[in-house]
Amino acid sequence: MVVRAVRGATQVDVDEREHVLERTRELVSEVMEANKLDQDSIISIFFTATQDVASVAPALAARQLGLNEPALICVQEMHVEGAMPMLVRLVAHIETDLARDEIQNRYLRGTDKLRVGVPPIPGVLPGD
Ligand SMILES: C=C(O[C@@H]1C=C(C(=O)O)C=C[C@H]1O)C(=O)O
């Protein structure tokens, strides 16, 4: 087992608590499934939200999925002029047997567009 990091992002349609929680649960679930993670293999998850997402802390969604042990924190994403709005991002530190290039980053709900024009990272497929 080694420690690695995995990325994810999703977009919300509206800044409403239940909607943000639903989209964040979807994101966390997909990251876990794609990387064969369970509660014990997740060390920590940093969530960021763009400044237009303020109705709830996304970490609550992880707790709702039963992630009681990992260290969680939510911070506001740096505001960049013209950047994609209404986003929840995460970076999770995990214990895994996967090789670095086997880690599956998950960019849901159109957020794969974020990676256009930046160097590729493994596990992000065009249109994923
Ligand atoms: C491109 C993204 O947005 C920004 C750029 C990042 C990067 O270059 O790796 C990471 C997080 C964000 O600050 C992303 O979330 O992947």
Side-chain angles (χ1 to χ4, degrees):
M1 287 274 181
V2 293
V3 175
R4 299 202 185 282
V6 56
R7 272 296 319 276
T10 192
Q11 191 171 39
V12 300
D13 299 333
V14 285
D15 182 22
E16 289 173 6
R17 178 188 164 94
E18 292 311 315
H19 176 69
V20 173
L21 289 171
E22 185 188 332
R23 287 283 165 91
T24 308
R25 287 194 304 269
E26 177 184 56
L27 175 62
V28 172
S29 299
E30 288 227 9
V31 167
M32 290 180 69
E33 203 175 307
N35 295 283
K36 303 179 178 61
L37 300 172
D38 58 20
Q39 153 135 234
D40 292 338
S41 51
I42 300 177
I43 299 166
S44 64
I45 309 177
F46 278 69
F47 292 93
T48 80
T50 46
Q51 62 184 6
D52 45 13
V53 179
S55 58
V56 66
L60 178 59
R63 301 295 184 207
Q64 290 176 332
L65 291 173
L67 298 179
N68 301 313
E69 299 288 334
L72 307 179
I73 195 164
C74 304
V75 297
Q76 191 174 91
E77 178 74 21
M78 175 191 168
H79 178 65
V80 177
E81 280 305 319
M84 201 172 177
M86 306 287 272
L87 296 184
V88 174
R89 292 174 166 93
L90 68 76
V91 57
H93 295 96
I94 62 173
E95 290 181 303
T96 182
D97 287 325
L98 293 176
R100 196 166 182 164
D101 62 2
E102 293 174 326
I103 294 292
Q104 298 293 311
N105 299 291
R106 304 298 293 152
Y107 281 74
L108 308 183
R109 307 270 176 190
T111 58
D112 57 312
K113 286 200 288 285
L114 290 168
R115 303 307 306 180
V116 173
V118 296
I121 54 175
V124 181
L125 305 174
D128 207 9

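Residue numbers run from 1 in the order of the sequence given. Whatever order the structure lists them in is the order used to number ligands and atoms, beginning at 1.
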Visitor: Could you tell me whether E33 atom CD has more than 12 heavy atoms of other residues or ligands within 6.0 Å of it?
Guide: no
Visitor: Which residue and non-hydrogen atom of the protein lie closest to atom 10 (C) of ligand 1, and at what distance in Å?
Guide: R7 NH1, 3.3 Å
Visitor: Tell me the protein heavy atom at minimum distance from atom 12 (C) of ligand 1, and give that distance in Å.
Guide: E77 OE2, 3.2 Å
Visitor: What is the closest protein heavy atom to atom 8 (O) of ligand 1, and at what distance does it sit?
Guide: R115 NH1, 3.9 Å
Visitor: Under 4.0 angstrom from atom 4 (C) of ligand 1, is there any protein heavy atom?
Guide: yes
Visitor: Determine yes or no for a side-chain-to-main-chain donor-acceptor pair under 3.5 angstrom, with D97 supplying the side chain and M1 the backbone.
Guide: yes
Visitor: Are side-chain heavy atoms of K113 and Y107 found at a separation under 4.5 Å?
Guide: no
Visitor: Quick one: nearest non-hydrogen protein atom to atom 2 (C) of ligand 1, plus distance?
Guide: R89 NH2, 3.8 Å
Visitor: I'd like to know if the side chain of S29 reaches the main chain of R25, judged simply by a donor and an acceptor atom lying under 3.5 Å from each other, with no hydrogens or angles considered.
Guide: yes
Visitor: Do NZ/NE/NH1/NH2 and the carboxylate oxygens of D13 and R23 come within less than 4.0 Å?
Guide: yes
